Amino acid sequence: MHTSFHQQTYYDTSYQEEYLRKFLTDGRIPMDNNYAEQAIRPFTIARKNFVLMESDNGAKASAMIFSIAEAAKANAINTYEYFNLLLSEIPKHQDDKDTKYLDALLP
């Protein structure tokens with residue numbers, strides 16, 4: 001079993017070594033993945049709550065809200081203010097057949 005682990009480790013590192021060492025030559029690449037882990041933390045915490053969703057529609061609605069929030073964050077927009085804007089502007093267009101007004105609301 002020790003040999004199998006050793007062989008697998010050697011295989012993994014020998015073929016990936018170039019990529020594993022990339023951060024040594026490019027200062028823009030972080031040594032760890034803390035940024036990625038911080039970015040997905042809300043989803044990880046909420047995932048436990050998704051199990052309690054009673055319907056597919058509830059899960060889809062939650063996914064949409066998370067997507068909107070992350071898009072706002074990625075564009076350096078205050079998420080509270082952005083949701084406030086969306087929730088005040090979208091109802092004004094409830095009867096509109098044309099959805100082009102949504103383009104102006106995108107982050």
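If you're wondering where the values come from, they're calculated on a predicted model, not measured in any experiment. Computation of the quantities below employed the complete heavy-atom set of this structure, encompassing side-chain atoms and omitting hydrogens, waters and symmetry-equivalent molecules.
- Judged as a side chain to side chain donor-acceptor pair (under 3.5 Å), and not counting sequence neighbours, Q94 has no contacts.
- For N75 (side chain) and A71 (main-chain N/O), a donor-acceptor pair under 3.5 Å exists by modelled atom type.
- Taking all atoms of both residues into account, the shortest heavy-atom contact from A72 to T79 is CB-CG2, 3.9 Å.
- Between the side chain of D98 and the backbone N or O of K100 there is at least one donor-acceptor pair closer than 3.5 Å.
- Rounded to the nearest 0.5 angstrom, L85 CG and N78 CG are separated by 11.5 Å.
- We find the CG-CD distance between N84 and E89 to be 10.0 Å, quoted to the nearest 0.5 Å.
- Remark: Y101 engages H93 in a ring pair (Phe, Tyr, Trp, His ring centres under 6.0 Å) (not counting sequence neighbours).
- Rounding to the nearest 0.5 Å places CD1 of I90 at 11.0 Å from OG1 of T99.
- Atoms CD1 and CG, from I77 and L106 in turn, are 9.5 Å apart once rounded to the nearest 0.5 Å.
- Applying the salt bridge (charged side-chain N to carboxylate O under 4.0 Å, His left out) test to R41 and every residue at least two apart in sequence or in another chain returns nothing.
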